[in-house]
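Worksheet: one structure, shown below.
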Number of protein chains: 2
Amino acid sequence: MDESGNRSGRRVFREDVKEFLLDAILGGDLKPGDRIVETRVAQQVGVSQGPVREALRDLELFGFVVSEPFRGTRVREITPADLIEVYPIRAALEGVAARDAARHMDHDAIRHLESCLETMRQAAHNNDRKTHIEADIQFHRFIVLKSGNRMLLQMWENTRLSSSTIVTVALSHRTLLELADRHMEIIDALTRQDSELAETVMRSHIEELATWIADDQVDISLSTTDKEIA
Amino acid sequence: MDESGNRSGRRVFREDVKEFLLDAILGGDLKPGDRIVETRVAQQVGVSQGPVREALRDLELFGFVVSEPFRGTRVREITPADLIEVYPIRAALEGVAARDAARHMDHDAIRHLESCLETMRQAAHNNDRKTHIEADIQFHRFIVLKSGNRMLLQMWENTRLSSSTIVTVALSHRTLLELADRHMEIIDALTRQDSELAETVMRSHIEELATWIADDQVDISLSTTDKEIA
DNA sequence: TGACTATCGATTATCTATCATCGATGGGTT
DNA sequence: AACCCATCGATGATAGATAATCGATAGTCA
């Protein structure tokens, strides 16, 4: 079965439109607050308005955009207040994921995480924020995958939890190397196959991000240049 | 602002269709495995196919139905394996909700929970499963609401976590009174405004459900009559 | 009798046209 | 100059038509 889950491999246009829009949002072509006009997107992608409406609705439920009936759709502006709400959720979900994953972490799995960490370090060295973020997300996603809980993985992917990593990297004032190296303790906990420790460490790892955002919130209001995301 | 969040109060047809379908699914008119034909629903509700497609997509993302491109939509069959995956998620999320809610539980809030518990007890006495379920959901929803985390509440509502309560009541072999009374310890923990205790108790409350489902799974495969949901 | 293939009906996906809504703007009045 | 209201353009929402897809069925052949 192909990646779209369809036996025949046929895809609906909604998926193409969604990819197009996600690329634009995550790539910076569409910025927070930007209005998304259905008919314009339809023209750009080469489809009719229907699949565009469906794609936008998906993205709305995933938290990437916001809309009101008859008033159009905008790219969601993620505020520090949003992040402060999302981190307890991430901490809880990824804590459970780490707990259940700890029982399935063989040598290859640990090496995969170490590889992600090494990629983060290299990216920090090169000041390559984009690669750093992708490796960070890949690190966390792998742990959720190893938990064996498909519903948890779907929920993790279908919310904008992973996009919060993007904003954290942008908003926090830590160096990329700092952000990379703090993943080491997760690897240690998972290597020990200690479920309880894995959960505790993962929750602390994420809850600390919320503390940083909360502490920096005063700074942010005094300085707007940090809002730019690579 | 009205409940649809729209300033002018205008609603799109998608919401009407969604309510229609949810009523049919939760009310038993549409059973797990039943096929949902877009054009037929459109005719029944009195709208065109477009809003029906949008409503079905929402319900798919919420986990109530499943579909494949070009192959139609069916009501999702919730298996014990599904539940065993959902409970760790519920436990984690509602644990966090209880933790954060514990700081905001004034006297009126405690009384509201006690009222829900009393409704459950009355429903148990009357063998009224539907009212019992509704009060149970209301109980948990209120705690999530009191956490003050809007995103958590939205996530709790936008997944089918609440529908897992429906299935648990049906699948577990406990009496309705047993199911009602086990909420008492949550109220106790919240009354103490003890965040850590509240989280621990809530997680145990939900994780125990998973244990019951896992233990009963052998029984379920031997007896199909229990699959009927009131 | 079983396997294979063509056909058809049901249904989904998409397109186009049109209606409804909202916000911006300009003119008129005070 | 400020305020109010009518109008209009842009855009969202929906209806109806049509194209594409899939599964069931029937016919044919070995």
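In what follows, chains are A, B, ... by sequence order, proteins preceding strands, each numbered from 1. Since the model is a prediction, treat every value here as computed from it, not as a measurement.
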Should the ring pair B/His112 and B/Phe142 be called parallel, tilted or perpendicular, given that the plane angle runs from 0 to 90° and is split at 30 and 60?
tilted
Integer-rounded Å distance: D/dA13 P and B/Glu15 CD
11 Å
Quickly work out the A/Glu68 CD to C/dG23 P distance and round it to whole Å.
8 Å
I want to check a possible cation-pi pair here: B/Arg174 against B/Trp212, using under 6.0 Å from ring centre and within 45° of the ring axis as the test.
yes
Touch class at under 4.0 angstrom, heavy-atom based, for B/Gly50 against every strand present
nothing
Nearest to the side chain of A/Val12, which nucleotide is it out of C/dT12, C/dA13, D/dT14?
C/dA13
Assign a letter to each nucleotide of nucleotides 5-10 of chain C from its 5' end: B, base within under 4.0 Å of a protein heavy atom; S, sugar-phosphate only; -, no contact.
------
Should B/Arg10 be listed as having a side-chain N or O under 4.0 Å from OP1 or OP2 of C/dT21?
yes
Looking only at non-hydrogen atoms, find the nearest pair between B/Arg35 and B/Arg71 and report the distance.
NH1-O, 3.4 Å
Identify whether any heavy atom of B/Arg53 sits under 4.0 Å from a base atom; if not, whether one sits that close to sugar-phosphate; answer base, sugar-phosphate or nothing.
base
Would you tell me whether B/Asn127 and B/His132 have side-chain atoms, one donor and one acceptor, within less than 3.5 Å of each other?
no
Separation of C/dC15 atom C1' from A/Asp16 atom CG, nearest Å, is 16 Å
From CZ of B/Phe70 across to C1' of D/dA24 the rounded distance in Å is 19 Å
Using a cut-off of 4.0 Å on non-hydrogen atoms, how would the nucleic acid contact of A/Ile36 be classed: base, sugar-phosphate, or nothing?
sugar-phosphate
What is the distance from CD of B/Glu54 to C1' of C/dT14, rounded to the nearest Å?
13 Å
Minimum-distance nucleotide to A/Pro69 side chain [options: D/dA13, D/dT14, D/dT11]
D/dA13
From CZ of B/Arg14 over to C1' of D/dG12, roughly how many Å is that when rounded to an integer?
11 Å
Under 3.5 Å donor-acceptor pair, A/Gln49 side-chain atoms to D/dA13 base atoms:
yes
Please find the pair of heavy atoms, one from A/Val96 and one from B/Ala92, that lie closest to each other, and give the distance.
CG2-CB, 3.4 Å
Using only heavy-atom distances, decide whether a donor-acceptor pair under 3.5 angstrom links the side-chain of A/Glu38 to the base of D/dA13.
no
Please determine whether a side-chain nitrogen of the Lys or Arg among A/Glu19 and A/Arg11 lies less than 4.0 Å from a carboxylate oxygen of the Asp or Glu.
yes
Between P on D/dG16 and CZ on B/Phe13, what's the gap in Å once rounded to a whole number?
11 Å
Using a 4.5 Å cut-off on heavy atoms from C-beta on, say whether the side chain of B/Val17 contacts that of B/Arg53.
no
How many whole angstroms separate atom CG of B/Leu56 from atom C1' of C/dA13?
13 Å
